[in-house]
Amino acid sequence: MKKRFLNAPARLALLGLLAMSGAHAAPQLIYDGSSPPAPAVWTQATVGSPTVASADGLTRFTTRTAPGGRTGDTNLYKYATGTNSFIASIKLKAYAVNPHNQLDAGLMFSVGDEFSGSPGNTIQRSAMLYIDPTAIGWGDDSASAANDSSVFHEYAIRYTNGQLDVYVDTSFEAIASGNATPKLSRSLPSTGSNQGVIVFGDQSNDPNVDSDFAVEFVKFQNLRLPTEPGYVFTETGDGQLTAYWGTPAYAGESAISGYTATALTTDTPPKTAGSCSTSATPPELAANFCTIDGLANGTPYIVSVQATNAAGVGASALTDRAATPVASVAVPEASVLANGVVGQSYNATITPTGGQAPYRFEIIDGSLPQGLAAQLSDDGLSIRISGTPSRSETTHFTLSISDSTPAPVELASKAGPTLTTVVQTYSITVAAPDVAVVPAKATPVPSLGVWAVLLLNLFAGGLAALGLRGRKKPVQA
């Protein structure tokens, strides 16, 4: 039986095609804007009575100063990153915002080693990014850039070992690779490697330094770690899935040393069903595929892949749909079917295994012996060859047998090592009927009865007596 697999060059070409079909995957989404920031993830600091309302996938944050009030509302959200080398961005627009005071802002976005207390200390507040109606700038007024905050913009800050760079509407890939020009740059002393904090909101409780703005999302990328691998796809096998993936858009601050692929069930929450990994010592490259064994046929799985470098394990990339392991269609290895005899009823059965019944078949080469025909059983589980052969011969024929596995809807979800069609050549020998050889009958020698024997003896004796009488006596001398 000849098995057909996608060869290595074809797999590499497929990976290349997928890699060219779109942009790299997005950084980690730490807030999706559809509801207020989760208290388990974000720390909130408030003064007064700020309001937070969510609708249509956005959350709106509003602070106010009471008429004649000596202080205004404060509403600040903080997120601990666990690193001081990262990119963070927020996409927002302002419905209304008052110009900032030095070191205080109604609408700000900041990163740093920490943001102590509610408003931050003087150094941290100096390096915060204020967002005014027509400008962005540093909190100490050391630099600014023009900006229209009344429309949605994605504001990003890269923080790497004490250096701050601000970008507007720039991809994380361009920022991480150094191919983007920052709007603003400055230094901010770093006091530790794992103390980075992201902060946004109204930082000031000064009167009339208020804001009303909506947030669509907040994103984060740890620059010490690799980004997620690109375009994970799988091939199914018998009790296994083989995962393939592209190289991450960003390797992190050290080279990638390996990858881990994990099969997850589609339960809620998902359960880990198995994993596989690859590794190499940089500058050698780790393989970009591995096989997860021990999975259940007929059970769907999502596959997650993560890259690892010296700093740790990076973000996950997931397959966009579940893949289901299934056994390949197979038939018994024996290719010689039972012999037949001319004029005698014949029956033989070919029973495929694996795949998904009912099966289908087609004779793609050769022919059956004269008088025989092939048909699928009523339950679709086997192929029956039957009939009455009419002549002595040996024939060879090739069957293409397929299962009922649905065709893949697109290239990325193709079934690979699981063969849905198997091709096998068979032979049947039909012999001539046996001919029985009957030997010719010999003519029997008639036997004599007792009286016949006595009469024969008497007759023979009489003849002998007559013979004696007729003999002459010898002449005597």
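Predicted model, so just to flag it, every value in this text is computed and none were measured.
- Between the side chains of D73 and T63, no donor-acceptor pair of N or O atoms lies under 3.5 Å.
- In terms of modelled atom types and a separation under 3.5 Å, the side chain of N75 and the main chain of P50 share no donor-acceptor contact.
- The backbone N or O of S367 sits less than 3.5 Å from a side-chain atom of T395, completing a donor-acceptor pair.
- In this structure, Y231 has its ring center no closer than 6.0 Å to that of Y244.
- Using a 4.5 Å cut-off on side-chain heavy atoms (C-beta onward), Q221 and T227 make contact.
- The line from OG1 of T83 to CG of N222 is 4.0 Å long, rounded to the nearest 0.5 Å.
- The distance between the ring centers of F289 and Y259 does not fall below 6.0 angstrom.
- A side-chain donor-acceptor contact under 3.5 Å links T160 and R158.
- Counting only N and O atoms by type, the side chains of T398 and T425 include a donor and acceptor under 3.5 Å apart.
- Side chain of D267 to backbone of P270: no donor-acceptor contact under 3.5 angstrom is found.
- The side-chain heavy atoms of I385 and L337, taken from C-beta on, include a pair separated by under 4.5 Å.
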Problem - Candidate pair F61 and V215, rule side chain to side chain contact (heavy atoms under 4.5 Å, CB included), full reasoning - result: CA-CA 8 Å; F61 303 84; V215 174; 3.6 Å; yes
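- Residues V97 and S149 meet the side-chain proximity criterion, which asks for heavy atoms closer than 4.5 Å.
- The main-chain N or O of Y167 is never found under 3.5 Å from a side-chain atom of T170 such that the two would form a donor-acceptor pair.
- Atom OG of S382 sits about 10.0 Å away from atom CD of Q375, to the nearest 0.5 Å.
- In this structure, the side chain of Y301 engages the main chain of A296 through a donor-acceptor pair within 3.5 Å.
- Heavy-atom neighbours of D378 CG from other residues, nucleotides or ligands within 6.0 Å: at or below the threshold of 12.
- In this structure the side chain of K219 never reaches within 4.5 angstrom of the side chain of I30, judged on heavy atoms.
- For the pair R60 and Y95, the distance from NZ or CZ to the six-membered ring centre is under 6.0 Å and the angle to the ring normal is within 45 degrees.
- With a 4.5 Å cut-off on side-chain heavy atoms, Y346 and I428 count as touching.
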Practice task
Applying side chain to side chain donor-acceptor pair (under 3.5 Å), run through N84 and S190 and close with a yes or a no.
Solution key: CA-CA 7 Å; N84 71 349; S190 176; 2.5 Å; yes
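- A donor atom on one side chain and an acceptor atom on the other are found under 3.5 Å apart for S316 and Q306.
- At distances below 3.5 Å, not a single donor-acceptor pair connects side-chain atoms of Y79 with backbone N or O atoms of T43.
- Defined by atom type and a distance below 3.5 Å, a donor-acceptor pair is present between the side-chain atoms of T242 and T291.
- Inspection of the T59 and S54 side chains reveals an N or O donor paired with an N or O acceptor under 3.5 Å.
- A 6.0 Å sphere centred on CD1 of I364 holds more than 12 heavy atoms belonging to other residues, nucleotides or ligands.
- A side chain to side chain contact (heavy atoms under 4.5 Å, CB included) with P226 holds for exactly one of V313, I256, T308; it is I256.
- Residues I363 and L368 have side chains in contact (heavy-atom distance under 4.5 Å, counting atoms from C-beta outward).
- Inter-residue side-chain proximity for N339 and V430 is flagged as unmet; no heavy-atom pair is nearer than 4.5 Å.
- A side-chain N or O of S34 and one of D32 form a donor-acceptor pair less than 3.5 Å apart.
- Among all heavy-atom pairs drawn from L372 and P389, the shortest one is CD2-CD, 3.8 Å.
- Looking at D165 and S185, their side chains do bring a donor and an acceptor atom within 3.5 Å of each other.
- Counted by atom type alone, T74 and Q203 present zero donor-acceptor pairs between their side chains at under 3.5 Å.
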Practice task
Tell me, with the steps shown, if E253 and S85 meet side chain to side chain donor-acceptor pair (under 3.5 Å).
Solution key: CA-CA 9 Å; E253 294 182 346; S85 183; 2.3 Å; yes
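- How far SG of C276 is from CG of L241: 9.5 Å, rounded to the nearest 0.5 Å.
- One distance of note links CG of L184 with CZ of R186; it measures 10.0 Å at 0.5 Å rounding.
- For the atom pair NZ of K183 and CD1 of I136, the computed distance is 7.0 Å after rounding to the nearest 0.5 Å.
- For the residue pair S402 / T421, a side-chain donor-acceptor distance below 3.5 Å is found, with atom types taken as modelled.
- A heavy-atom distance below 4.5 Å is not found between the side chains of D238 and P325.
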Problem - Candidate pair Q356 and S404, rule side chain to side chain donor-acceptor pair (under 3.5 Å), full reasoning - result: CA-CA 5 Å; Q356 178 177 314; S404 298; 5.7 Å; no
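- Between S345 and T388, the side chains place no donor N or O within less than 3.5 Å of an acceptor N or O (distance only, hydrogens not considered).
- Looking only at distances, no side-chain donor or acceptor of T262 sits under 3.5 Å from a matching main-chain atom of S275.
- A donor atom on one side chain and an acceptor atom on the other are not found under 3.5 Å apart for R224 and N309.
- Taking CD1 from I383 and OG1 from T349, the interatomic distance works out to 10.0 Å, rounded to the nearest 0.5 Å.
- At a cut-off of 3.5 Å, with distance as the only test, no side-chain donor of Y155 or D169 sits close to an acceptor on the other residue.
- The aromatic ring centroids of F109 and F200 lie 6.0 Å or more from each other.
- Here the closest heavy-atom approach between residue S335 and residue Q424 is recorded as CB-NE2, 3.5 Å.
- Centroid-to-centroid, the aromatic rings of F220 and F86 come within less than 6.0 Å.
- Distance alone, capped at 3.5 Å, places no donor-acceptor pair between the S427 side chain and the H396 backbone.
- A donor-acceptor pair shorter than 3.5 Å can be found between the side chains of T394 and T429.
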